[in-house]
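Have a look at the structure below before the remarks.
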Amino acid sequence: MMKQISAMLLAFGLVFAAALPASAAIDVYEFESAEQEKAFQNLTATLRCPKCQNNTIADSNAELAKDMRQKAYDMLSEGKSEQDVVDYMIARYGNFVTYDPPLMLSTIILWAGPLLFVFIGFTVLVMRSRKTADKKAAPELEADEQQRLKALLKEMEQQNPNNNGKVK
C-alpha cells in the first residue's frame, strides 16, 4: 500500500516538474497603433541581447533582455522613434547591441578582420607553395657523378642481359 502511494506521489511530482517550464511568463504589450507594434517588433528583432550575445532581445529569456524589451516599449509609448530607441540602447550597452555596428576606430577590427585573415592566409599559402616548388626541383648531377651513374647502369645491364636494359 505504501509503495503504491509513494509511486503515485512520484508520478504527480514528475508531471508537475515537466509542466513547470510551460508556466513561464509571457510578456504582453498593448500598443496604441499598428505602427507602434510594428516598430516594437522590428526593434526587438534587430537588437542583440548583451548577455546571450547571439540572440535578439525578442528571442532571449534573460532578465537583461526583458528589461531592454520593456524600455523599448516604454520609449515607443512615449512617442520616441525607433532610431531614438536604438541610440539609447547603444549609449547604454555599446555598439554590440546592434548586429550592424558602425564603422569607427573601435570597430575597425570587426570590418577589416575577415579581409585581413583571408589576405594573410592566401599569402601564407602562396609562400609555402613556392618553397615546396623550389625544394622539388631536382639538382643537376655533376660530371663525375653522371659518369659514375652511367657506369653503374652499364654494370647492371651486363649482369642481367635478359631484361633488355631495364632495371626492375
Side-chain angles (χ1 to χ4, degrees), residues 7 10-11 13-27 38-69 71-72 81-168:
L10 181 63
L14 289 174
V15 168
F16 286 123
L20 190 60
S23 67
I26 298 174
D27 297 334
K38 184 177 178 187
F40 179 78
Q41 297 298 330
N42 187 31
L43 280 170
T44 59
T46 58
L47 292 174
R48 183 187 334 220
C49 175
K51 184 174 182 180
C52 303
Q53 297 188 1
N54 271 343
N55 286 351
T56 63
I57 62 172
D59 295 336
S60 176
N61 288 330
E63 287 298 320
L64 182 59
K66 290 178 185 177
D67 292 343
M68 290 174 74
R69 285 192 299 265
K71 187 63 178 177
S81 69
E82 283 185 61
Q83 190 58 44
D84 291 337
V85 175
V86 170
D87 291 342
Y88 171 82
M89 295 294 181
I90 289 173
R92 176 118 188 207
Y93 302 106
N95 285 320
F96 183 77
V97 296
T98 60
Y99 280 103
D100 190 21
L103 182 60
M104 298 175 6
L105 187 59
S106 61
T107 60
I108 195 76
I109 191 69
L110 295 174
W111 292 99
L115 295 174
L116 189 62
F117 182 74
V118 168
F119 177 74
I120 290 171
F122 183 72
T123 304
V124 168
L125 185 67
V126 167
M127 296 299 283
R128 290 193 64 158
S129 67
R130 286 185 180 174
K131 283 183 182 179
T132 56
D134 292 342
K135 288 181 182 178
K136 288 182 181 178
E140 292 292 321
L141 296 177
E142 294 179 10
D144 60 335
E145 290 176 332
Q146 286 181 355
Q147 289 176 357
R148 185 169 177 240
L149 180 61
K150 286 179 184 177
L152 286 172
L153 287 174
K154 188 180 264 190
E155 184 180 319
M156 287 179 67
E157 189 176 304
Q158 289 173 357
Q159 289 177 357
N160 297 322
N162 48 351
N163 286 339
N164 296 328
K166 294 182 182 176
V167 178
K168 288 184 179 179

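Starting from 1, each residue takes its place in the sequence as its number. Because the structure is a prediction, the values reported are computed rather than measured.
The environment of Tyr99 atom OH is dense: over 12 non-hydrogen atoms of other residues, nucleotides or ligands sit within 6.0 angstrom.
Distance CD/Gln147 to CG/Leu152: 12.0 Å, rounded to 0.5 Å. Rounding to the nearest 0.5 angstrom, the gap separating the NZ atom in Lys38 from the CD atom in Gln41 is 11.0 Å. Remark: Glu142 CD to Arg148 CZ distance equals 12.5 Å, nearest 0.5 Å. The distance from atom SG of Cys52 to atom CG of Asn61, rounded to the nearest 0.5 Å, is 8.0 Å. Separating the CG atom in Leu153 from the CD atom in Glu155 is a distance of 10.0 Å, to the nearest 0.5 Å. Distance check: Arg48 CZ to Asp59 CG gives 12.5 Å after rounding to the nearest 0.5 Å.
Closest heavy-atom contact between Cys49 and Phe96: O-CE2, 4.2 Å. Residues Lys51 and Ala62 share a closest heavy-atom pair of CD-CB, 4.0 Å. The minimum heavy-atom distance linking Leu105 with Ile108 is given by the pair O-CG2, 3.4 Å.
The residues Lys66 and Glu63 are annotated as salt-bridged, a charged nitrogen and a carboxylate oxygen being separated by less than 4.0 angstrom.
At a threshold of 4.5 Å between non-hydrogen side-chain atoms, the residues Leu43 and Arg69 do not count as touching. A 4.5 Å side-chain heavy-atom check between Tyr93 and Leu47 finds every atom pair outside the cut-off. Counting heavy atoms from C-beta outward, Thr44 and Thr56 have side chains that stay 4.5 Å or more apart. Annotation: side chain of Arg92 is not in contact with side chain of Met68 (no heavy-atom distance under 4.5 Å).
With hydrogens and angles ignored, the 3.5 Å screen pairs no side-chain donor or acceptor of Asp67 with any backbone N or O of Leu64. With hydrogens and angles disregarded, no donor-acceptor distance shorter than 3.5 Å links the side chain of Ser60 to the backbone of Ile57.
Residues that satisfy the side-chain hydrogen bond (donor to acceptor under 3.5 Å, both in side chains) test with Asp87, not counting sequence neighbours, are Gln83.
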